[in-house]
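Presented below is the structure to which this report refers.
Heavy-atom basis, side chains included; hydrogens, waters and symmetry copies ignored. Whatever order the structure lists them in is the order used to number ligands and atoms, beginning at 1. Throughout, residue positions are numbered sequentially from 1 according to the sequence presented.
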Amino acid sequence: MERENFGSKIGAILAAAGSAVGLGNIWRFPIETGRNGGAAFILVYICCIVLLGMPIMMSEFMIGRHTQSNTARAYQKLAPGTPWKWVGRLGVFTGFFILSYYAVVAGWTVEYACLAIFNCFRGMTTRAEFEKVFNDFASDPVMPAVWLIFFVLLTHFVIVRGVARGIERWSKILMPMLFILIGVLVACSVSMPGAASGVEFMLRPDFSKVNSSTVLNAMGQAFYSLSLGMGCLCTYASYFDRKTNLAKTTLQVVIIDTLIALMAGFIIFPAAAAANYGLTPQDIGPSLIFITLPNVFQQAFGSLPVLSYVFSVMFYLLLIVAALTSTISMHEVVTSYMSEEFNLPRKRSALVETTLSIVLGIFCALSFGVMSDVKLFGMTIFELLDWTASNICLPVGGMFIALFAGWYLDRQLFRDELTNRGSVRAPYFRALIFVLRYITPFLILAVILGNFGLF
Ligand code: PHE
């Protein structure tokens, strides 16, 4: 089967960055930061990005581009007849789980875009008003499911159009717009009266709040935000051309992703402080950005309602796009796996994944309303999928990727791929192998075991 490629270098970077940047940065990062005590969590998070995220991202890129195949086949090609293919398969399952609940939140962003377009936040000033809008919507048995289905179908539509025309073209236009808009919002938010304590929350670490579960959450968030550990970037790299510099692309994606997450924090917390939200952990949950952000728009431009309107509409539309470029990448992992492994036409395998994700997604959507009492280990279906996928499945996937790249794979092959067969230099290579062998996998294991009190 002829495989498509990304048409340009910048297209490849933006598609990978598009996968990485999404609700993970703007919705999940502030929640985790808030729940885990602010600046100290951010420092642990950045350590995880450098020690775990970057080496694993390079390995995924290398495996994907070298084998030019879906994630399970990639391991079969590099390690025929061994159980390594299960690493790829674990990724396919994780992708399916994440897509199912991620699309629920993505659906909320569509509802909020509509509310913004119809100017429904006009005149609202108190936190209680914004909270009511969110709670009434999220606990409704119908609308969240409708938007979830809409969102998965939107993803489906892009997926069946193929890689270059669908994924690449959109990422190229919309990612830079998102970046600029977020920059403007940071400026608005930090200049609101009373914002200072929110800025301080982001900047002054309090290490007394760091414990084993903080570290696990920071690690999970790092994997989640960078789309690592489930073969997503491996699948995308299979569409990179031979000249793409993998190390440079890694650095670019990591910087863009981390900047956007931090900027999201600098929007939410100063604004929350300005609006007098007592930032207690029990206050902070999936609704965080849906309550604070509309408030930012109203307060920041209160005397100029046109600006409030324009900014909120643009923001939610771009959030939809950021979420879409991520759901596409999760969907692509499952679709390319099914179509290449079971020899299904691409359209058919996309349809199977779309249907499965909608079914599981509906249960997640209902867990904010009629099914909110259905709990396992004290978590709703939505929370359980989120916790398990990001704190366990992704890091475990990442641990095996590091072991595979560090111990199993032929070093020369790895080096050739990173240097594009000698045309770029890789002075970091020995350090990278050392980290992949002795640091990354053991750190991941220690953090997971530590969280269960086993270490
Ligand atoms: N990184 C994406 C985000 O930040 C989420 C994601 C996770 C995408 C895993 C693909 C795979 O929103």
Compute whether any side-chain donor of one residue and acceptor of the other, for S227 and S19, lie under 3.5 angstrom apart.
yes
Option whose closest heavy atom lies nearest to atom 10 (C) of ligand 1, chosen from G229, S227, G231:
S227
Polar contact flag for G24 and ligand 1 (N/O pairs, less than 3.5 Å):
yes
Does any N or O of ligand 1 fall below 3.5 Å from an N or O anywhere on A20, backbone included?
yes
Looking only at distance, does L23 have an N or O less than 3.5 Å from an N or O of ligand 1?
yes
What pair of heavy atoms forms the shortest contact from Q76 to K85, and how long is it?
NE2-CD, 3.2 Å
OG on S336 to OH on Y236, rounded to 0.5 Å:
10.0 Å
Find the distance between OG1 (T388) and CD (E383) and round it off to the nearest 0.5 Å.
11.0 Å
Does ligand 1 have a heavy atom under 4.0 Å from the side chain of R28, from its backbone, from both, or from neither?
neither
Checking side-chain polar atoms at under 3.5 Å, does N420 have a donor or acceptor matched by the opposite partner on N245?
no
Contacting atoms of ligand 1, where contact means under 4.0 angstrom from a heavy atom of S329
10 (C)
Counting from 1 in the order shown, the ligand 1 atoms closer than 4.0 Å to a non-hydrogen atom of N25 are 4 (O)
Keeping the roles fixed (side chain from N70, backbone from M338), state whether a donor-acceptor pair exists under 3.5 Å.
no
Closest to atom 11 (C) of ligand 1 among protein heavy atoms sits M230 SD, 3.4 Å
Is the count of non-hydrogen atoms from other residues, nucleotides or ligands lying under 6.0 Å from F157 atom CZ greater than 12?
no
Rounded to the nearest 0.5 Å, what separation is found between the CH2 atom of W84 and the CZ atom of R89?
15.0 Å
Just need the protein heavy atom nearest to atom 7 (C) of ligand 1, so name the residue and atom and give the distance.
Y224 O, 3.4 Å
Based purely on interatomic distance, does S225 place a nitrogen or oxygen under 3.5 Å from a nitrogen or oxygen of ligand 1?
yes
Could you check atom 2 (C) of ligand 1 against the protein and tell me its nearest heavy-atom contact, residue, atom and distance included?
S19 O, 3.2 Å
Atoms in ligand 1 with a heavy atom of Y102 nearer than 4.0 Å:
3 (C), 5 (C), 12 (O)
Using a 3.5 Å cut-off on N or O atoms only, is D257 in polar contact with ligand 1?
no
Are side-chain N/O atoms of T244 and D241 paired as donor and acceptor at under 3.5 Å?
yes
